[in-house]
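The chains referred to below are lettered A, B, ... by the order of the sequence lines, with proteins before strands, and numbering in each begins at 1. Just so we're clear, the structure is a prediction, and the values are computed from it rather than from any experiment. Both backbone and side-chain heavy atoms feed into the values below; hydrogens, waters and symmetry mates do not.
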Number of protein chains: 2
Amino acid sequence: MTTLAAVPTPAPRTAKAEATRATIVAAAMRLFREGGYDATTMRAVADEAGMSLGSAYYYFASKEHLVQGFYDQLSAEHEAAVAEVLAAETGFVERYSGVLLRWIDLAAPYHEFAATFFKNAADPRSPLSPFSPESQAARETSVGIQREVLAGSDLKLPAALREEMPELLWLLQMGVVLFWVYDSSEDQQRTRALVRGVVPLVDRLARLTRLPVVRGIAGDIATLVRSLRG
Amino acid sequence: MTTLAAVPTPAPRTAKAEATRATIVAAAMRLFREGGYDATTMRAVADEAGMSLGSAYYYFASKEHLVQGFYDQLSAEHEAAVAEVLAAETGFVERYSGVLLRWIDLAAPYHEFAATFFKNAADPRSPLSPFSPESQAARETSVGIQREVLAGSDLKLPAALREEMPELLWLLQMGVVLFWVYDSSEDQQRTRALVRGVVPLVDRLARLTRLPVVRGIAGDIATLVRSLRG
DNA sequence: CCAAGAAGTTGAACACGTTCAACACTGACT
DNA sequence: AGTCAGTGTTGAACGTGTTCAACTTCTTGG
């Protein structure tokens, strides 16, 4: 999931290794879709991929690391889908909503067992955690998308907030993903409703910064965010 | 952790069972503190509690369920500590900050292995999840505290938001807990800074609702929250 | 073409969480 | 005292993720 890292596994030295990794991930995803994460054993994955258990562990350090392949795949698909939106729209609401809604569309088939993935990603010590050093690259990519969302939009922000806003949007996306994980409504309608409701609110709040009082608060938010980083 | 449920385990029938449960929880907490959650085996817990592995499983359905005892204990302590704050203070900032900071104080000794607890609680299907049906009671208690924070404070809210505000404060507390889990700073100073920065912001934002524009947005937030529930 | 190291492969073995059938104790009612 | 149900106890056994030493195959430089 775009936001949930694409942990850099040790770059495969050979083309064959790369292919084998892809084979294993594909096999795992097939089984995950059928029976869920927990019910899928590493032995079954190895079988499905046509190799021994030990071999699977030669390519992936753990069952958890197997999920990285999934992240990478989804991440790439999302970036492609997003490019389309960002080329066509100029309104902030359309751009940001588009980014979030496309993600929901892409991730939908995996919603059922995303819970287990999320469970692992939620561990701060896990390399899958969105805040982990390992996923810094993916995080920066994702924040970069948000920067682009803002850059190409009609939204004018006070200087104090301009710097921090992409990171805040990323954080909001993380919140949406969190909501999505817990969303048991049909077709994740509730998460979609959240996006459609919250994005215009952000837009209106941002535009309100023309008022001095509001701008003061915005400045304080920026200061707080800055002080909490590092 | 107050916010993270106190899952109602089947009420022990006998006094002896109650005592045995307490013994096991105490033994587990001792070992958790020494070596962390993962490194503590159920066999070791059973040993430390002076019984067989099977017996431990007679009292607790799983290693995860063992953690409930911890939640219950911390939850009770927090409620006591909070009562003191709420009796003394009338300012919203002091009341809400007090509630949050006391929780950080109480939870501090467990911060190191809270990550693992959180990892389990993050699974929406886990009974330990703050959103699970099993923890509804604990959740309502916690929302009730927020209601009390507001009721006894000097903060005036627009009618539209008054109903939803306790739940929003609870949600914010969940966010703080999330931040806390990931906070690796000395003595969780960063989480404390977050509380000290964010609570006054909430206060100022709430007071800004005297402006019609802002009040309109507040109303929309309330509507959105309402539509996402249920 | 050969040797040697790197890359890849394997199944047995380990530790752990969890389950279970069998057994033991307790206490209340006849 | 005897029976019976409820409560408690036990260690063996199972399935799982993970490790590892031994083995095979591939690649590369001479």
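- Side chain to side chain, Ser62(A) and His65(A) meet the donor-acceptor criterion of an N or O pair below 3.5 Å.
- Considering only heavy atoms from C-beta on, Val199(A) stays 4.5 Å or farther from Glu94(A) through its side chain.
- Distance from the side chain of Tyr58(A) is smallest to dG8(C) among dT10(C), dG8(C), dT18(D).
- Under the side-chain contact (heavy atoms from CB on, under 4.5 Å) test applied with Glu48(B), the options Thr40(B), Thr23(B), Leu31(B) reduce to a single match, Leu31(B).
- Of the residues near DNA chain D, Ala39(A) and Ala61(A), the one whose nearest nucleotide (by heavy atom distance) lies more toward the 5' end is Ala39(A).
- Side chain Arg43(A) to base dG15(D): no donor-acceptor pair is found below 3.5 Å.
- Between the CZ atom of Phe60(A) and the C1' atom of dT19(D) there is a distance of 18 Å, rounded to whole Å.
- Each of dG8(D), dG17(D), dT19(C) was ranked by its minimum atom distance to the side chain of Tyr57(A); first place goes to dG17(D).
- A cation-pi geometry, defined here as NZ or CZ lying under 6.0 Å from the six-membered ring centre and within 45° of its normal, does not hold between Arg190(B) and Phe179(B).
- Note: CG (Asp38(A)) to C1' (dT18(C)) measures 14 Å, nearest angstrom.
- Taking atom CG of residue Leu53(B) and atom P of nucleotide dC14(D), one finds them 16 Å apart after rounding to whole Å.
- Between Tyr37(B) and Phe32(B), the ring-plane angle classifies as tilted under the 30° and 60° cut-offs.
- Candidate nucleotides dT18(D), dT10(D), dA12(D) were compared by shortest atom distance to the side chain of Ser52(B), and dT10(D) ranks first.
- The nearest whole Å value for the distance from the CG atom in Asp47(A) to the P atom in dT10(C) is 11 Å.
- Here Tyr59(B) reaches the OP1 or OP2 of dT9(D): one of its side-chain N or O atoms lies under 4.0 Å away.
- Closest to the side chain of Ser55(A), from the set dG8(D), dG17(C), dT9(C), is dT9(C).
- Across the protein-nucleic acid pair, Met51(B) atom CE and dC25(C) atom P stand 17 Å apart, rounded to whole Å.
- Rounded to whole Å, the distance from NZ on Lys63(B) to C1' on dT19(C) is 17 Å.
- Distance His65(B) NE2 to dT19(C) P: 10 Å, rounded to the nearest Å.
- With the nearest nucleotide of DNA chain C identified for both Met42(B) and Gly50(A), Gly50(A) has the one nearer the 5' end.
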